[in-house]
Amino acid sequence: MEMWRRLGGVWLVVCVVWACHGARVDLHRRVPFSAEVEVEIRNVESPIPWLRRVVRPDSVNHETGEIEFEIPQDVRRLVEESPLKIDLRVIVSVGNEVVQEFPLHQLLDAERPRSDWKTKASQPEGRETHEEFPVREDLAMAAEESPHGPSNEEENNAVGGDTDAPDPFEEIHLLLERGTVRDAVRELEAKRMSSSSPHHASTFLGLLYLAGKGRMFPPDRRRAMELLSEAAHHGDPDAQAILGFLYASGFDPSMVPRDKARAILLWTFAAVEGGSIYAQIAMGFRHLHGIDVKKNCQKAAHYYELAARTVVKEKSRPRYIERHFDEPVILSEEHSTMTRTEHEELVEYFKREAERGDVVSQLNIGEVYYHGAFGVRQDPLEARKLFEKAAEKGLPRAHSHLGYMYLNGLGGLDQNNKSAAKHFKIAADQKDGPGLKGMGYMKLHGIEFAKSEAEAAEYFHEAAKLSKPEREAMYNLGIMYEKGTGVPRDLNKANQYLNAAANYLHAHAMLRVGSSLKKDNCKRSCFLLKRVAEQAALKRSLVTGLAAYEDQDESAALFWYMFAAFAGYRAAQYNAAFLLEKGYGVTHALESSGADMAMDIYQWSARQGNVQSLVRVGDLMYDIRKDFEKAAQMYRQASSKKNAEATFNLGVMYFLGKGVPLDLEMSKRFFEECMELSDQSAKEAYVPSLLALFFLRNFVSLRDRW
């Protein structure tokens, strides 16, 4: 019987004939014209039990039984890129009868000698083409951006909202901020029972149960796994991405054993097929640095570009308001809640002064509400009221904000082009950057003013030449010079303006420049595209992680920092490694591998240029692993970036001859350099350096006497 089975496999491969337009299979039987022919591709068992594709044949020869069909691109790519062997089967049915079943890999093996695939997967790496943005969209003024930096989407009160948002977990963080976790759980459970998309609600619930929130809502990871597995089984890409994180990190080995290969498989599937921005960023990071996969800059750029395009699409959405997030806080033993207290005091100060009629405070607290800064919930309605008060006293920036709000119907206002034009004109006449940019937009599209592309370019030029240039104006000029819109076509100037806008972290510009550099300067391309992708996604995880840490909920803090760290978010990696190293929030099941994982994550962060991580890797190499040469290497890299602690440590190592040759002159040089650095940035290094030099000089004096 086994011989017949093997012979059947050989016969099947022989019967598979490939043409440039797809796969051809001979059923060796007549197919009735009334019968429906269906090709199903599905897996037999784990690790992806939810993979199933039904393909309609491109052609059916009813007399001979030959059928032709396309293998879906996402299935082909999943099989090619997966580090695990996936047992996919092709099942051909005529009517309700299964007439043939065979492994998919036999088709792919037969295909490989051919180079004339019809699918896009056959195109060489780095040669992908993307449809250009329409000119009108290129030149449209994007949402006003926070001067403090890039941020997330506009406020949303619903649970389980817009799935196209850059950070799919935004609303989970909002719920955790408000402390209404149990209410959220009840609402999400109701959505699972009644919603048209219950699996998304299951994903949100699973994430809530994974992280928990202190004593009022402790983690329930068994329940989390049930919900996430259910959602992933039904194809929810965010659930698949979260499961990928659990396998990659071994966050709870008692529930999910650490399995890096399976994590890569899940992320690949969620990124390619489901469009999960978390999975795309995670895969981009791994291909960029060769972590658990072969290092491949082109693939990294491809994944980052997918995520970046999602972010830019969201930023181009009407009524979008930039969300402001504070600079990431680096955790330490001395960390306290002082940062949060300072922000609260600052907000209270602005509020108090605004109530007294101070126009600058009215503008400042209005912008805090507008962008959701300093931990204050976004409130466009309250922001609009404050802007109106400041505008009445003639503040041009307040007029710019109101112009944008009228243009897009924000803050409880009806959309009104006439009012928008009035406010933009007042602000532009006083040379306010956003006002100039707004007038350029109105002139460009002929809104309430006669359309004039040349005058629009003049406004954009003025905004771009300010001491604090408007990055949106620079981007618009880049597109105008590229297209010859309102200005003579000049590709050199176009590149100058686009690169300048990218240097100011303009998302559209970074996407354009990054995409254009994939072939010629892949490293720069990845840097820009990664910055775009991270402008929105996962910043909330850092905010929630910090809040949990300050509330002494170390388990939740560790989860959120690790969740962002495994996607490659540098700011989260140091904090996740710090918590693991100190054992904060580490479960008993994770305890045995926590120290090694901390070292891995510190090294990831160090690869991305985090100086503190370079120092910590050096410390662990010196103190724990006793690898003094590696420690010296890490300290040397950090010292080259003007880190006082690393410079001091190198002085000690040259004095002791550990990991480097014993060299008192070099030791003295590093201690002196550390003293210079202490004058510039690291004052705490002054006294240790002074004492070290004093000891060194006395040691040399005593040695010379002997």
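Along the sequence shown, residues are numbered consecutively beginning with 1. All values below come from the heavy atoms of this structure, side chains included, with hydrogens, waters and symmetry mates left out. Keep in mind it's a predicted model, so treat the numbers as computed, not measured.
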A.B. asks: How close do N610 and S605 get, counting heavy atoms only, and between which atoms?
C.D. replies: CB-OG, 3.0 Å
A.B. asks: If the plane angle is over 60° it's perpendicular, under 30° parallel, otherwise tilted; pick one for W604 and F566.
C.D. replies: perpendicular
A.B. asks: How far does CG of N575 sit from CG of L546, to the nearest 0.5 angstrom?
C.D. replies: 8.0 Å
A.B. asks: How far does OH of Y475 sit from NE2 of H506, to the nearest 0.5 angstrom?
C.D. replies: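 Output value for this atom pair is 6.5 Å.
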A.B. asks: Does G435 offer a backbone N or O that forms a donor-acceptor pair with the side chain of Y459 under 3.5 Å?
C.D. replies: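 Side chain of Y459 to backbone of G435: no pair is present.
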A.B. asks: Looking at E448 and K425, is there a salt bridge between them, counting it only when a charged N and a carboxylate O are closer than 4.0 Å?
C.D. replies: no
A.B. asks: So which atom in A464 and which in A473 form the shortest heavy-atom distance, rounded to 0.1 Å?
C.D. replies: N-CB, 4.2 Å
A.B. asks: Check for a donor-acceptor pair, side chain of R471 on one end and backbone N or O of L505 on the other, with a separation under 3.5 Å.
C.D. replies: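 At least one qualifying donor-acceptor pair exists.
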A.B. asks: Give a yes or no on whether the backbone of A391 and the side-chain of H399 come within a donor-acceptor separation of less than 3.5 Å.
C.D. replies: yes
A.B. asks: Is a donor from one side chain sitting under 3.5 angstrom from an acceptor on the other, for Q608 and H289?
C.D. replies: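 Per modelled atom types, Q608 and H289 side chains form no pair under 3.5 Å.
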A.B. asks: Quick check: do L498 and I479 have side-chain heavy atoms less than 4.5 Å from each other?
C.D. replies: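 Touching, per the 4.5 Å side-chain cut-off.
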A.B. asks: For E388, which residues count as a side chain to side chain donor-acceptor pair (under 3.5 Å) partner, sequence neighbours excluded?
C.D. replies: R384
A.B. asks: For residues Q280 and A271, report the shortest heavy-atom separation together with the two atoms involved.
C.D. replies: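 For Q280 and A271, the tightest heavy-atom pair comes out as NE2-O, 3.4 Å.
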A.B. asks: Quick one: do E392 and K389 make a salt bridge, cutoff under 4.0 Å?
C.D. replies: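 No, no charged N to carboxylate O under 4.0 Å.
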A.B. asks: Can you measure from CG (L466) to NZ (K437) and round to the nearest 0.5 angstrom?
C.D. replies: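 So the CG of L466 and the NZ of K437 are separated by 11.5 Å.
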A.B. asks: Using a 4.5 Å cut-off on heavy atoms from C-beta on, say whether the side chain of L528 contacts that of Y304.
C.D. replies: no
A.B. asks: Quick check: does any side chain N or O of Q415 sit under 3.5 Å from a backbone N or O of L407, one acting as donor and the other as acceptor?
C.D. replies: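 A pair under 3.5 Å: yes.
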A.B. asks: Can you tell me how far the CG atom of N521 sits from the CZ atom of F527, to the nearest 0.5 Å?
C.D. replies: 11.5 Å
A.B. asks: One pair to check against side-chain contact (heavy atoms from CB on, under 4.5 Å): L363 and H401. What are the steps and the verdict?
C.D. replies: CA-CA 10 Å; L363 175 67; H401 285 310; 3.9 Å; yes
A.B. asks: What residues, two or more places apart in sequence or in another chain, satisfy side chain to side chain contact (heavy atoms under 4.5 Å, CB included) together with S452?
C.D. replies: A454, E455
A.B. asks: Atom CD of E355 and atom CD of Q362: how far apart are they, to the nearest 0.5 Å?
C.D. replies: 10.0 Å
A.B. asks: Quick one about D238 and T203 (side-chain donor to acceptor, distance below 3.5 Å, no hydrogens or angles considered), yes or no?
C.D. replies: no
A.B. asks: Any donor and acceptor pair, going by atom type alone, linking the side chain of T544 with main-chain N or O of S541 inside 3.5 Å?
C.D. replies: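 Judged by distance alone, no pair lies under 3.5 Å.
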A.B. asks: Would you call the rings of H461 and Y481 parallel, tilted or perpendicular, taking 30° and 60° as the class edges?
C.D. replies: perpendicular
A.B. asks: Examine distances only and state if a side-chain atom of E482 and a backbone atom of A494 form a donor-acceptor pair shorter than 3.5 Å.
C.D. replies: no
A.B. asks: Measure from the side-chain N and O atoms of W267 to the backbone N and O of A241, and report whether any donor-acceptor pair falls under 3.5 Å.
C.D. replies: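 Judged by distance alone, yes, a pair lies under 3.5 Å.
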A.B. asks: Determine whether Y278 and Q240 make a side-chain contact, defined as any pair of heavy atoms from C-beta on separated by less than 4.5 Å.
C.D. replies: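 With C-beta onward as the side chain, the pair stays apart.
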A.B. asks: Taking all non-hydrogen atoms of both residues into account, name the closest pair between Y303 and T268 and its distance.
C.D. replies: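 The pair with the smallest heavy-atom distance is OH-CG2, 3.9 Å.
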A.B. asks: Report yes if the side chains of Y497 and F460 come closer than 4.5 Å at any heavy-atom pair, otherwise no.
C.D. replies: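 Side-chain contact under 4.5 Å: no.
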A.B. asks: Can you list every disulfide (SG to SG under 2.5 Å) pair that touches residues 449-529, not counting sequence neighbours?
C.D. replies: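 Sorted pair list: C297-C522.
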A.B. asks: Out of curiosity, K519 NZ to L517 CG, how far, rounded to the nearest 0.5 Å?
C.D. replies: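 It is 13.0 Å, given to the nearest 0.5 Å.
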A.B. asks: Report yes if the side chains of E472 and N476 come closer than 4.5 Å at any heavy-atom pair, otherwise no.
C.D. replies: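 E472 vs N476: side chains touch.
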A.B. asks: If I compare all heavy atoms of A390 with all of A398, which pair ends up nearest, and what's the gap?
C.D. replies: CB-CB, 3.7 Å
A.B. asks: Got R607 and I291 here, is their nearest side-chain heavy-atom distance under 4.5 Å?
C.D. replies: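 They are in contact (side-chain heavy atoms under 4.5 Å apart), so the answer is yes.
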A.B. asks: Do F285 and Q573 make a side-chain contact, defined as non-hydrogen atoms from C-beta onward lying under 4.5 Å apart?
C.D. replies: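 Side chain of F285 against side chain of Q573, heavy atoms only: contact under 4.5 Å found.
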A.B. asks: On the 0 to 90° scale, with breaks at 30° and 60°, tag the F204-H200 ring pair as parallel, tilted or perpendicular.
C.D. replies: tilted
A.B. asks: Go through the steps to decide whether Y370 and Y404 satisfy the test side-chain contact (heavy atoms from CB on, under 4.5 Å), and finish with yes or no.
C.D. replies: CA-CA 12 Å; Y370 190 65; Y404 180 77; 3.0 Å; yes
A.B. asks: Is there a side-chain contact between K641 and L614 in this structure, where contact means two heavy atoms from C-beta onward sitting under 4.5 Å apart?
C.D. replies: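 With C-beta onward as the side chain, the pair touches.
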A.B. asks: Over 60° means perpendicular and under 30° means parallel, so classify the ring planes of H445 and Y441, tilted if in between.
C.D. replies: perpendicular
A.B. asks: Say whether, by atom type as modelled, one donor and one acceptor occur between the side chain of K530 and the main chain of G568 under 3.5 angstrom.
C.D. replies: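 Side chain of K530 to backbone of G568: a pair is present.
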A.B. asks: Sub-3.5 Å donor-acceptor pair from the side chain of S361 to the main-chain atoms of G357, do we have one?
C.D. replies: no
A.B. asks: Return the minimal non-hydrogen interatomic distance between A428 and L436, and the atom names on each side.
C.D. replies: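 Closest heavy-atom pair between A428 and L436: O-CD2, 3.7 Å.
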A.B. asks: For K393, does the NZ atom have more than 12 heavy-atom neighbours from other residues, nucleotides or ligands under 6.0 Å away?
C.D. replies: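 Yes, enclosed.
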A.B. asks: Between the side chains of E305 and S515, is a donor N or O closer than 3.5 angstrom to an acceptor N or O?
C.D. replies: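 S515 and E305 do have a side-chain donor-acceptor pair below 3.5 Å.
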